[in-house]
Every structure is written in structure tokens, then in C-alpha cells.
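To start, the structure under review is shown below, and the notes come after it.
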Amino acid sequence: MRFSVQRETLLKPLLLTGGVIERKQTLPILSNVLLNVSRNTLTITATDLEVEIIASAPLIDAQDGQATLPARKFGDICRMLPENATLTVEISNGKATLRSGRSRFTLSTLPAVEFPNVETMEEADEFRIPQNTFKALIEQTFFAMAQQDVRYYLNGLLFEAATGVVRAVATDGHRLALCEQDVDINLSEIQQVILPRKGVLELSRFLEDIDDPAAVKVGSNHIRITTQEVCFTSKLIDGRFPDYQRVLPRGGDKVVISDKDSLKQALTRASILSNERYRSVRFELSTGNVRVVASNPEQEEAEEEIPVEYEGESLEIGFNANYVLDAVNAVREKSVKLVLSDANSCCLIEGLTNHDSKYVVMPMRI
């Protein structure tokens, strides 16, 4: 097996696939990428047995074959080569020789037959949505996913597709993020799956902010998303996601409209003196004004006041500052709306005019 390729041509697929590979692996082969050369095209595959990414690159000249190379070493060598360098890779007798100009490297390989394959996708509905729409769904919600929660179904993102609409929902039990986008798809039934955390993060890396479509294929155990450059396959989390519609608060009679940047800065400054473990802050609402108060066990205190549009009754309510900040940061408008009922009820956060994204934050006792 032999091929020659431009450094810049090879770097992009290596970067796209490299994020899947963990530094510590139980199987040595999982530290490698599978290289497949056919018809003057190099296909690079990486997997951790949960997520698989396949990317390709055109070659200058090639001799067909398959082999695996250590992913990080191969990637580091390519990155360190001069710009516009040509790299020639030749593999024989279990060794790979890499040459570029006066540089020469020898890497150990592992047999391609040992490289694991993700299960073949069974028959499933397939539909297309714009990449920028899919990317927005993830960016507007992923931060609310749980991390290493015993309720394993919370350590992922709910992806839901129905005729004319797609949704993404994430929750860690203390807050919830929901994003809904209209799309031109027609499905025989609602598709609802839970993508694992790592798969969600890898998806956000390679989806681009363009209108070009991504083909989505949902099976019973896997989801496959294909663009012109990448084929992404991930196992699904087998579990029952909470009924997010029941979590969305309704009927809140206290509406606060604030400048997004002002609220964000006030929260950021006040949270400096909040309890480091609980990150709690207290909102004190009064007509035309919100006071943000934080304190800690060292008897230190911070107070911030910002003018807002509010004409309801006075109210004091506590929140985790980080949760509110994440939601406010995700709003893509200059003004943000907070809807509340009382000190023991959840707060709904959304943009003033765009209601495609909704964020729910549970109150804290302070």
C-alpha cells in the first residue's frame, strides 16, 4: 500500500476523525485510524466503539490497500510538516514509512482486519436537514446535558423529528434546554432517539454553518449522519427520556424583560462572591428593577442592580448563577425574557421575539 497526498488535504480529515480517539484505550487498535486507499481516494476511519467517523481525501497517486496507523503520532507528524508539503506513505511488513522532503518517519502498524466496524444500519427512515439547522439545535441545547449521571439517559441529547419540524432537548434534572426548528421533511412517524454526549460534541465539531444538507438515517440502535465530507455513526442511548412538555412552565404571571448583556454582566460579577459549590444567587424583583445578590460562607457579599421592564409584585427567588448564565448566553437576541410564577416555581427563559429556543431553570432555596 502506498499513497502521496498534500499536507493540507490530509489535515482536515485527520482533525475531523481525531476527536473520537481517547488517549487511554482498552484495545490498542482503538488508538489507530484505519486507512483505506481505493480509486485514488484515501478514507480515514476512527472509532471508540460508540462513535465512528469516516472522512476522505483525494490523493496525488496511490496503490490500493488497507492499514492502520497510530492516530495521534500520524496527526502530529502531518501538523508539523511545512505548509504545502507533499507526504508519501508506504506500508509493508507491518511498518509505515512516511517521507516528506528530507524528513523520514517509521511508524508501527496493526492489521486492518483487527479494526472494529460499527454494526450495519438496518432499514430505517432517512431524511435531510440543512447542516446549519442541525448545528443550531446542538449549540442551543448541548450545555444542559448531564455528565456521568446515574440516570444514563440524561447523559445525552434527545433528538426528535416529525413532519415539518425537528427538536433537540437536553436536561440534567436541574435545568432544561429545548430548541425547535422548522424543516422541509415528511415522515411517516415521529423519530425520537437519545444521542450520547460524546456523539453530540463530535457532531457539533464537523457540522458547518451552511445550507448544504446532512442526510440523517435513524435505526433502532444507531444514528448515521452523512455530509459531503463526513460519515458519522453513533450508538443510541437505550432509555426513556423525561416528558419535556410537562417540564415547561405555563401560566407564569411575572414577566421580566432585560437587556441580555446587562443581565449577563451583572450575573457574572455577582457570581464571583457566590458559594463556590452551589453558585447560588438571589434575584430580588421590584417594579422596573432587578437586584442580583450573592454571598458566601466567608460573609462576603455582592450586589448588582439592573433596570428591567417589570410591573408585577415584588419577588425574591434563588438560582444557580451558572445555569441562568448558560441560558442567557444561548439566547440569540439583544433582549431576554424571564417568566416566573413564585419563589418555588421554575423560571422560563427565552428571547423576546424568537420562541424557537426555551430554557427552564429550577429555583434554589437560599
Side-chain angles (χ1 to χ4, degrees), residues 124-125 127 129 133-147 149-197 199-200 203-204 216 218 220 223 236-257 317 319-320 323-324 326-333 336-364:
D125 279 347
F127 53 93
I129 60 176
T133 298
F134 210 148
K135 191 175 182 69
L137 288 175
I138 294 171
E139 290 179 345
Q140 298 287 94
T141 56
F142 79 97
F143 56 83
M145 292 186 296
Q147 297 189 51
D149 197 296
V150 292
R151 297 164 294 181
Y152 56 92
Y153 48 83
L154 298 184
N155 302 320
L157 183 80
L158 177 72
F159 176 67
E160 186 176 271
T163 298
V165 66
V166 286
R167 297 183 191 90
V169 187
T171 180
D172 60 7
H174 303 287
R175 51 160 170 190
L176 178 141
L178 179 149
C179 183
E180 181 176 287
Q181 297 283 326
D182 294 333
V183 290
D184 185 19
I185 58 174
N186 187 18
L187 299 176
S188 56
E189 58 183 21
I190 295 175
Q191 300 284 343
Q192 193 179 70
V193 294
I194 307 173
L195 280 69
R197 181 182 185 85
V200 172
L203 258 178
S204 66
V216 182
V218 179
S220 57
I223 186 170
L236 299 171
I237 294 176
D238 182 16
R240 187 176 180 85
F241 200 82
D243 183 356
Y244 61 88
Q245 294 288 359
R246 292 180 60 187
V247 176
L248 295 174
R250 292 176 173 83
D253 59 345
K254 297 175 177 60
V255 179
V256 180
I257 298 173
I317 185 170
F319 293 111
N320 180 304
Y323 293 170
V324 179
D326 284 342
V328 171
N329 280 325
V331 172
R332 296 183 175 181
E333 292 187 48
V336 61
K337 181 169 72 171
L338 286 70
V339 182
L340 307 106
S341 295
D342 54 55
N344 300 311
S345 300
C346 294
C347 173
L348 175 66
I349 301 172
E350 58 186 348
L352 180 59
T353 59
N354 188 329
H355 306 302
D356 291 344
S357 298
K358 300 178 187 295
Y359 305 98
V360 179
V361 181
M362 290 183 65
M364 295 180 69

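The basis for the numbers below is simple: all heavy atoms, side chains too, and nothing from hydrogens, waters or symmetry mates.
Gln140 and Arg332 are linked by a side-chain donor-acceptor pair at a separation below 3.5 angstrom, with hydrogens and angles left out of the test.
Put simply, the side chain of Asp172 does not reach to within 4.5 Å of the side chain of Leu154, judged on heavy atoms. A 4.5 Å side-chain heavy-atom check between Val339 and Lys337 finds at least one atom pair inside the cut-off. Looking at heavy atoms from C-beta onward, Val360 lies in side-chain contact with Leu248 at the 4.5 angstrom threshold. In this structure the side chain of Leu203 reaches within 4.5 angstrom of the side chain of Ile138, judged on heavy atoms. Side-chain contact between Tyr359 and Val324 is absent, with no heavy-atom pair separated by less than 4.5 Å. The side-chain heavy atoms of Leu338 and Val255, taken from C-beta on, include no pair separated by under 4.5 Å. With contacts defined as side-chain heavy-atom distances shorter than 4.5 Å, the pair Tyr153/Pro242 qualifies. Between Arg246 and Asp243, the closest side-chain pair of non-hydrogen atoms falls below 4.5 Å.
Open room surrounds CG on Asp184; 12 or fewer heavy atoms of other groups in view lie less than 6.0 Å from it. Few gaps surround CG on Asp149; more than 12 heavy atoms of other groups in view lie less than 6.0 Å from it. At most 12 non-hydrogen atoms from other residues, nucleotides or ligands lie less than 6.0 angstrom from CZ of Arg240.
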Evaluate the side chain to side chain contact (heavy atoms under 4.5 Å, CB included) criterion for residues Gln192 and Leu158: first the C-alpha distance (whole Å), next the side-chain angles of each, then the deciding distance (0.1 Å), finally the verdict.
CA-CA 7 Å; Gln192 193 179 70; Leu158 177 72; 3.3 Å; yes
Tell me, with the steps shown, if Leu176 and Leu178 meet side chain to side chain contact (heavy atoms under 4.5 Å, CB included).
CA-CA 7 Å; Leu176 178 141; Leu178 179 149; 4.1 Å; yes
What's the verdict on side chain to side chain contact (heavy atoms under 4.5 Å, CB included) for Glu160 and Ile190, showing C-alpha distance, side-chain angles and the deciding distance?
CA-CA 7 Å; Glu160 186 176 271; Ile190 295 175; 3.9 Å; yes
Step by step, work out the side chain to side chain contact (heavy atoms under 4.5 Å, CB included) result for Met145 and Asn155.
CA-CA 6 Å; Met145 292 186 296; Asn155 302 320; over 6 Å; no
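One finds the OG atom of Ser345 at 7.0 Å from the CD1 atom of Ile317 (value rounded to the nearest 0.5 Å). Atoms CD1 and CD1, from Ile223 and Ile194 in turn, are 12.0 Å apart once rounded to the nearest 0.5 Å. The line from CD1 of Ile185 to OG1 of Thr133 is 10.5 Å long, rounded to the nearest 0.5 Å. The structure places CZ of Arg167 at 11.0 Å from CG of Asp356, a figure rounded to the nearest 0.5 Å. In this structure, the separation between CZ on Phe142 and CG on Leu195 is 14.5 Å, given to the nearest 0.5 Å. Atom CD of Glu333 sits about 5.5 Å away from atom CG of Asn354, to the nearest 0.5 Å.
Contact detail for Val336 and Glu350: the closest heavy-atom pair is CG2-O, 3.5 Å. Taking every heavy atom of both residues into account, Phe319 and Cys347 meet most closely at CZ-CB, 3.5 Å. The shortest non-hydrogen separation linking Pro363 to Ala343 is CB-O, 3.6 Å. Residue Asn320 comes nearest to Met364 through the heavy atom pair N-SD, 3.2 Å, listed as atom of the first residue, atom of the second, then distance. Between Cys179 and Ala136, the closest heavy-atom pair is SG-O, 4.3 Å. Annotation for Thr141 and Ala168: closest pair CG2-O, 3.5 Å, computed over non-hydrogen atoms.
Between Phe134 and Phe159, the distance from one ring center to the other falls under 6.0 angstrom.
The existence of a salt bridge linking Arg175 and Asp326 is confirmed by a sub-4.0 Å separation between a basic side-chain nitrogen and an acidic carboxylate oxygen.
Side-chain atoms of Lys135 come within 3.5 Å of backbone N or O of Ser204 as a donor-acceptor pair. Tyr323 places no side-chain N or O within donor-acceptor distance of the main-chain N or O of Ala144, the cut-off being under 3.5 Å. Of the possible donor and acceptor atoms, one in the side chain of Thr163 sits under 3.5 Å from a partner among the backbone N and O of Leu187.
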